[in-house]
Amino acid sequence: MSKSNLVENLKQAIGEFKAETKAEKVGVVQEVFDGVAKVSGLSNIKASEMVSFAHGEVGVALNLEADSVGVIILGDFSKIKEGDEVRATGKILEVPVGKGTIGRVVNALGQAIDGKGAIKADATYPVERVASGVITRQGVDQPVQTGIKAIDALIPIGRGQRELIIGDRQTGKTAIAIDTILNQKGQNLICVYVSIGQKDSKLRKLETRLREGGAMDYTVVVSAGASESAALSYIAPYAGVAIAEYFMDQGQDVLIIYDDLSKHAVAYREISLLLRRPPGREAYPGDVFYLHSRLLERACRRNKEAGGGSITALPIIETQAGDISAYIPTNVISITDGQIFLETDLFYKGIRPAVNVGFSVSRVGSAAQIKAMKKVSGTLKLDLAQFRELEAFSQFGSDLDESTKKTLDRGRRAVEMLKQPQYSPVIVENQVVALYALTRGYMDDVPVEKIKEFEAGLIDYASANAKAFMKEVKEKAMWSEGEEANIKKAISDFKAVFGK
């Protein structure tokens with residue numbers, strides 16, 4: 001190359017050169033302990049802003065103090081040491097969302113942990129987001145069929161509702177949630193299951209069960225395991241609801257399960273105490289109510305003008321010795337639209353699901369039931385409540401009048417019929433047939449020990465001989481007068497051959 005060409009090239013390169021200035025917020029780690037770092041020098045950082053450490057770890061600014069920032073570290077904090085550089089990213093903590101998450105198991109940051117490669121995201125959503133306003137919401141009047149007779153008949157759940165599942169450990173809380181997911185096959189409902197502080201072995205079994213039932217085709221599993229840091233357990237439910245909100249924004253209906261918020265509150269308490277926040281009742285920080293209220297308020301049903309779609313939330317809370325008056329249970333009860341209370345004594349008596357009808361309530365009620373279910377289950381809750389009272393009273397006396405005996409007999413049959421094994425949800429038309437036979441007195445002379453056999457046989461018989469009735473219940477949510485006569489005939493015909 002000649003000298004003149006070289007000079008020309010240099011002049012051109014100098015002429016095209018543009019100096020770019022880039023401002024970065026850089027801080028220094030003052031101290032680090034148990035997944036929390038105290039950082040100085042990040043004066044203009046926002047709350048919940050992500051920061052990156054020297055070795056690539058990610059953190060979130062949680063405490064904004066006068067001369068330092070309290071950062072929770074998401075991941076391995078063992079490499080971070082005093083004096084390390086910390087850079088603010090300018091981004092509020094967000095997770096990847098989209099259709100690619102369906103059928104996958106992700107961590108609290110939305111990253112795949114199921115060994116099936118990276119997830120193709122459609123967008124990213126902030127984990128903290130303001131809940132939909134009242135003007136954009138509408139009333140709850142569409143059911144979420146759980147497939148559990150005791151719940152669909154007595155404590156119905158509607159799309160957009162928040163229904164708490166509460167009870168001691170090992171009483172079947174997760175079983176209700178999983179049965180509900182399994183029952184959503186073909187119901188046009190996307191499910192998000194958030195596992196907080198659970199053992200990895202339990203999560204693997206649960207995922208296998210969902211895959212076997214074909215439920216992973218419409219389910220996302222978000223996991224923050226027991227072996228992971230408290231910071232990830234704290235973020236997991238918010239990441240789960242952000243994934244759910246993406247689908248709601250597309251006008252779809254979503255069911256989200258938080259299993260469980262007791263462990264979530266404990267993780268938040270741990271982080272807060274490490275960040276030196278002042279402890280209050282039971283050592284929880286003062287804003288622990290807001291922790292769950294801002295999460296559960298994001299569940300709602302939107303009106304058509306706001307794009308439709310809904311998020312139904314089933315938070316789970318673990319009690320100690322059935323004490324629902326403890327701090328976290330009362331907090332979540334006051335936020336939700338009702339609760340399903342599972343009682344240990346009922347569980348050990350073999351009444352499963354162990355739903356205590358007296359303490360359980362749905363504040364949406366029959367608005368979340370189809371007309372046929374409303375018709376057959378109308379008096380059932382009252383019958384069961386009367387049965388529980390009379391059962392306790394009748395232990396002390398042998399001479400009972402005829403009406404008391406009748407109430408007790410009907411109650412025993414109702415309790416027996418509402419028993420249901422795990423992983424066997426019942427479709428709504430089958431529930432209606434069984435409850436119709438129970439509440440109209442067709443089972444009054446069937447021995448209690450043969451109720452389950454009678455129910456199974458009746459459903460098979462009705463499926464073959466009262467197809468039009470079943471079809472009307474499924475498609476029109478109610479039967480016609482002509483079909484009611486047919487189901488009565490089918491039940492009578494089945495009774496005539498039962499046991500022969």
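Note that the structure is predicted; figures quoted are calculated from it, not measured.
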Heavy-atom donor-acceptor pair, K263 side chain to Q198 backbone, under 3.5 Å: no

Any P353 side-chain heavy atom under 4.5 Å of Q420 side chain: yes

Whether over 12 other heavy atoms sit under 6.0 Å from N188 CG: no

Shortest non-hydrogen contact between L64 and A47, atoms and distance: CD1-N, 3.6 Å

Verdict with reasoning, E49 to V60, per side chain to side chain contact (heavy atoms under 4.5 Å, CB included): CA-CA 6 Å; E49 186 174 331; V60 178; over 6 Å; no

No-hydrogen, no-angle side-chain donor-acceptor test under 3.5 Å, R277 and Y284: no

Heavy-atom pair with the smallest gap, counting every atom of E57 and D76: CG-O, 3.2 Å

Beyond-backbone contact of I151 with P156, side-chain heavy atoms, under 4.5 angstrom: no

Side chains of residues 307-322: which donor-acceptor partners sit under 3.5 Å, not counting sequence neighbours?
unit_1: S310; atom_1: OG; unit_2: D253; atom_2: OD1; d: 2.7
unit_1: T312; atom_1: OG1; unit_2: G160; atom_2: N; d: 2.9
unit_1: T319; atom_1: OG1; unit_2: G167; atom_2: O; d: 3.4
unit_1: T319; atom_1: OG1; unit_2: D168; atom_2: N; d: 3.1
unit_1: T319; atom_1: OG1; unit_2: D168; atom_2: OD1; d: 2.6

Salt bridge present between E128 and R294 (N-O < 4.0 angstrom): yes

Set of side chain to side chain donor-acceptor pair (under 3.5 Å) partners for S48, sequence neighbours left out: none

Rounded distance (nearest 0.5 Å) linking atom CG of L418 with atom CD of Q431: 9.5 Å

Side-chain donor or acceptor of D217 paired with backbone N/O of R211 under 3.5 Å: no

Short side-chain donor-acceptor distance under 3.5 Å, N183 and Q145: no

Spatial distance of atom NE2 (H55) from atom CD (E85) [nearest 0.5 Å]: 11.0 Å

Close side-chain approach of V86 to V71, heavy-atom, < 4.5 Å: no

Expected output: side-chain N356 to main-chain E343 donor-acceptor under 3.5 Å: no

Close side-chain approach of Y423 to D179, heavy-atom, < 4.5 Å: yes

Pairwise side-chain contact, M50 with L74, heavy-atom cut-off 4.5 Å (strictly under): no

Close side-chain approach of S227 and D200, heavy atoms under 4.5 Å: yes

Straight-line distance of K99 NZ to Q250 CD, nearest 0.5 Å: 6.5 Å

From I256 atom CD1 to L295 atom CG, the distance as rounded to the nearest 0.5 Å: 7.0 Å

Distance-only side-chain donor-acceptor flag, Y125 / D249, under 3.5 Å: yes

Flag for Y246-D122: side-chain donor and acceptor within less than 3.5 Å: yes

Contact summary for S360 and I155, nearest pair of heavy atoms: CB-CD1, 3.7 Å

Distance-only side-chain donor-acceptor flag, E65 / S68, under 3.5 Å: yes

Distance (rounded to the nearest 0.5 Å) between L210 CG and K205 NZ: 14.5 Å

Test: R301 and D141 ion pair at under 4.0 Å: yes

Interatomic distance, E429 atom CD to W479 atom CH2 [nearest 0.5 angstrom]: 13.0 Å

From CA spacing to verdict: side chain to side chain contact (heavy atoms under 4.5 Å, CB included), N430, M470: CA-CA 8 Å; N430 289 353; M470 309 278 264; 3.1 Å; yes

Flag, side chain of Q369 to backbone of L154, donor-acceptor distance under 3.5 Å: no

Heavy-atom check, side chain of V106 versus side chain of I119, under 4.5 Å: yes

Test item: R87 side-chain N/O and V26 main-chain N/O as donor-acceptor pair under 3.5 Å: no

K375 atom NZ: more than 12 heavy-atom contacts under 6.0 Å: no

Contact check, side chains of I73 and V32, non-hydrogen atoms, under 4.5 Å: yes

Verdict with reasoning, V355 to I340, per side chain to side chain contact (heavy atoms under 4.5 Å, CB included): CA-CA 7 Å; V355 177; I340 298 162; 4.1 Å; yes

S195 side-chain N/O to S223 backbone N/O, donor-acceptor pair under 3.5 Å: no

Donor-acceptor under 3.5 Å (N63 side chain, L275 main chain): yes

Q161 and E163 side chains, donor-acceptor separation under 3.5 Å: yes

Neighbour count above 12 (heavy atom, 6.0 Å) for L382 CG: yes

SB check E207 R209 (cutoff 4.0 Å): no

N/O donor-acceptor pair under 3.5 Å between E270 side chain and A267 backbone: no

Side chain to side chain contact (heavy atoms under 4.5 Å, CB included) assessment of V29 paired with I80: CA-CA 8 Å; V29 175; I80 299 166; 4.2 Å; yes

Flag if over 12 foreign heavy atoms under 6.0 Å of NZ, K474: no

Parallel, tilted or perpendicular: ring planes of H264 versus H292, cut at 30 and 60 degrees: tilted

Pairing of R298 and E245 as salt bridge, 4.0 angstrom limit: yes

For the student: nearest non-hydrogen atoms of T330 and I324, plus distance: CG2-O, 3.4 Å

Side-chain donor/acceptor of R363 to backbone N/O of T336, under 3.5 Å: yes

Short side-chain donor-acceptor distance under 3.5 Å, S132 and R137: no

More than 12 heavy atoms of other groups within 6.0 Å of F359 CZ: no

Residues forming a ring-ring contact (aromatic ring centres under 6.0 Å, His included) with Y290, sequence neighbours excluded: none

Closest non-hydrogen atom pair, V376 against L435: CG2-CB, 3.8 Å

Main-chain N/O of I166 paired with Q339 side-chain donor or acceptor, under 3.5 Å: no

Audit row: Y234, R269, side chain to side chain donor-acceptor pair (under 3.5 Å) steps and yes/no: CA-CA 9 Å; Y234 159 63; R269 175 171 64 185; over 6 Å; no

Sole residue of L189, I181, I190 in side-chain contact (heavy atoms from CB on, under 4.5 Å) with T219: I181

For the student: nearest non-hydrogen atoms of I328 and A265, plus distance: CD1-CB, 3.9 Å

